[in-house]
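Predicted, not measured: the structure shown is a model, and the values here were computed from it. Proteins get letters first, then strands, A, B, ... in listed order; numbering begins at 1 in each.
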2 protein chains.
Amino acid sequence: MISTHAEEGAPLAGGGARLHGVVSLRERRAEYVLPRNGLITSDPGCPGCNQRDRCVGAGSSPEDLAQVDRIIGHRRRLERGEVLFRTRDPCEFLYAIRVGSLKSVQISEDGREQVIGFHMAGEIIGFDAIAAKAHTCNAVALEDSKVCAISLKRAGEGSAAAQLVQRNLSRAMSQEITREQRMIVLLSYSLALSRVASFLLSMSNNFEARGYSRSEFLLRMSRAEIGSFLGMTIETVSRSLSELAREGIIETDQRHLRILDMERLRKKTRRIAMI
Amino acid sequence: MISTHAEEGAPLAGGGARLHGVVSLRERRAEYVLPRNGLITSDPGCPGCNQRDRCVGAGSSPEDLAQVDRIIGHRRRLERGEVLFRTRDPCEFLYAIRVGSLKSVQISEDGREQVIGFHMAGEIIGFDAIAAKAHTCNAVALEDSKVCAISLKRAGEGSAAAQLVQRNLSRAMSQEITREQRMIVLLSYSLALSRVASFLLSMSNNFEARGYSRSEFLLRMSRAEIGSFLGMTIETVSRSLSELAREGIIETDQRHLRILDMERLRKKTRRIAMI
DNA sequence: CGCCGTCTTGAAGACTTTCAAACGAAGTGG
DNA sequence: CCACTTCGTTTGAAAGTCTTCAAGACGGCG
């Protein structure tokens with residue numbers, strides 16, 4: 001049984017890797033106070049966050065972390081499908097994903113959505129707005145999620161904590177650039193099956209990096225969203241997954257995915273076509 | 001007659017836009033001192049650079065610009081085909097392109113090149129190395145070029161000039177993220193003709209932003225490099241260009257390109273296929 | 001002038017999209 | 001509780017697009 005409910009567990013704890021999406025009862029926490037706008041007003045903050053070593057306060061002592069916490073403008077809970085920011089929203093905050101996952105989409109003038117990225121807990125989104133002074137894409141929650149708004153104004157004020165945050169933001173932007181470069185390489189693969197295989201491996205790596213199983217997880221996005229991201233129709237996504245399943249490389253049940261043969265999946269990423 | 005020689009002119013001066021690649025005699029300058037390794041030892045520096053309003057010293061007074069100049073580790077001249085940095089080179093410098101253009105390529109384990117970006121004067125490259133502590137791609141000059149090495153160590157030292165540089169680098173990274181997001185959108189277009197049209201328009205915008213003609217320019221990269229970048233074979237690149245020329249939208253003569261109908265070229269970017 | 005690398009063009013085959021139909025899960029209303 | 005709708009997904013067949021293989025054209029250079 002796989003729950004679709006997001007949870008703020010501590011997956012990095014030793015032993016076998018937790019399966020993403022599976023919620024054990026003892027990990028449930030009391031809900032934070034939630035006013036109607038989704039703002040979280042009572043919260044353990046950065047010192048109590050399980051993403052603290054991955055986020056803007058990385059590398060600071062517990063005391064410093066309390067200072068880093070002041071850079072956070074507010075924390076917010078998002079329901080599945082809720083929009084965090086939209087194109088042309090002014091650039092005030094970056095958002096650290098604490099729980100859950102989001103997608104970035106660009107809307108073309110004729111109203112079609114194009115997914116340009118999927119983001120998981122521990123990632124920071126909104127960097128595109130720094131230079132443009134406004135967001136250039138929409139961010140939408142793929143599941144119930146929690147985000148921390150990093151105030152760009154406070155991050156630029158020059159305190160020791162702000163400087164630490166700036167260094168971490170710089171590192172995060174560099175990571176984002178590297179991630180997008182990998183995406184550009186992926187999209188240049190000519191064969192649909194290669195792109196789907198690469199996508200699954202990247203998901204697998206993302207889950208593994210967060211302490212979840214790398215071989216079994218729940219895809220939080222629809223086939224249509226995968227297709228939009230990978231530049232193919234949902235039929236081709238479906239056929240590619242079916243083909244991988246037919247060859248015994250993966251097993252799918254709805255959005256639940258199990259990788260049976262990691263090495264053969266990797267081989268599939270090497271496009272056969274093109275020189 | 002179009003020269004292929006790079007030149008450090010002042011294209012932003014008023015009147016008609018200069019044609020990129022065309023060199024008028026009076027714009028030629030005395031060559032800088034060039035030791036065998038391509039290092040430039042005598043140079044007007046940031047205050048005399050025509051990219052100063054676009055680069056890391058943007059927004060500073062002429063006096064401050066002399067301080068910014070200290071962040072520069074060295075300046076270097078590259079010949080066409082010369083490699084600026086390679087994958088796994090340690091991360092010491094970012095590079096500001098002063099004259100010319102470069103490509104970023106990733107080399108797959110089987111030795112094939114994949115172009116992941118083209119970069120022009122005024123851009124800064126190497127951001128991928130900040131988080132990874134080493135470069136994750138190779139940078140190769142597409143034409144004779146000049147670059148300024150920005151010392152990451154000196155940029156982090158905390159002086160007023162260094163802080164200005166850091167803000168500008170942050171902006172440049174955000175721009176780079178936005179650029180790559182646009183590339184991801186481009187690559188998701190299913191039709192080859194749409195991708196080629198988008199590529200030409202992006203080139204056109206790049207030249208226009210630098211004061212050159214937006215409708216007539218010299219492509220510094222081969223069809224093979226375009227194909228690698230756009231994820232298609234060189235035959236498909238060639239056929240797409242021929243098709244656009246047949247329709248009277250562009251005119252090509254080798255790498256020299258003239259856009260005859262910007263609006264119809266824009267229409268071609270809207271992919272017909274897919275929902 | 002002839003060689004070489006780059007580019008263009010043609011034809012056949014491979015792959016993807018499109019259109020259409022069917023399936024299963026989830027939710028609604030009788 | 002079951003029919004019924006809806007949505008997301010899967011599968012099939014035909015049409016369209018791209019790649020592959022092959023050959024020819026073009027320009028630069030010795």
If you restrict it to nitrogen or oxygen atoms, what contacts under 3.5 Å exist between nucleotides 12-14 of chain C and the protein, and what is each distance?
none

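- Counted by atom type alone, A:H119 and A:S101 present zero donor-acceptor pairs between their side chains at under 3.5 Å.
- Between B:E143 and B:R80 there is no salt bridge, since no side-chain nitrogen of the basic residue lies less than 4.0 Å from a carboxylate oxygen of the acidic one.
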* To do: Starting at the 5' end of nucleotides 6-15 of chain D, put B wherever the base has a protein heavy atom under 4.0 Å, S where only the sugar-phosphate does, and a dash everywhere else.
  => ---BBBBB--
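- Contact annotation: the side chain of A:V140 never approaches that of A:E82 to less than 4.5 Å [non-hydrogen atoms, C-beta and beyond].
- Here the C1' atom of nucleotide C:dG24 and the CG atom of A:D253 are 11 Å apart, to the nearest Å.
- For the 3.5 Å distance criterion, the side chains of A:D128 and B:T178 fail to qualify, holding no donor opposite an acceptor.
- Under 4.0 angstrom from either OP1 or OP2 of C:dT17 there lies at least one side-chain N or O belonging to A:T233.
- Using a 4.0 Å cut-off between charged nitrogen and carboxylate oxygen, A:E243 and A:K268 do not count as a salt-bridge pair.
- Atom CD of B:E243 and atom P of D:dC18 are 11 Å apart (whole Å).
- Across the protein-nucleic acid pair, A:L191 atom CG and D:dT19 atom P stand 10 Å apart, rounded to whole Å.
- Atom pair A:L193:CG and D:dC18:C1' shows a separation of 17 Å (rounding to whole Å applied).
- Within the 4.5 Å cutoff, the side chain of B:M183 has no heavy atoms near those of the B:S202 side chain.
- A:K268 has its NZ atom 14 Å from the C1' atom of C:dC15, to the nearest Å.
- Residues that satisfy the side chain to side chain donor-acceptor pair (under 3.5 Å) test with B:R223, not counting sequence neighbours, are absent from this structure.
- Taking the ring centroids of B:Y212 and B:F217, they lie at or beyond the 6.0 Å cut-off.
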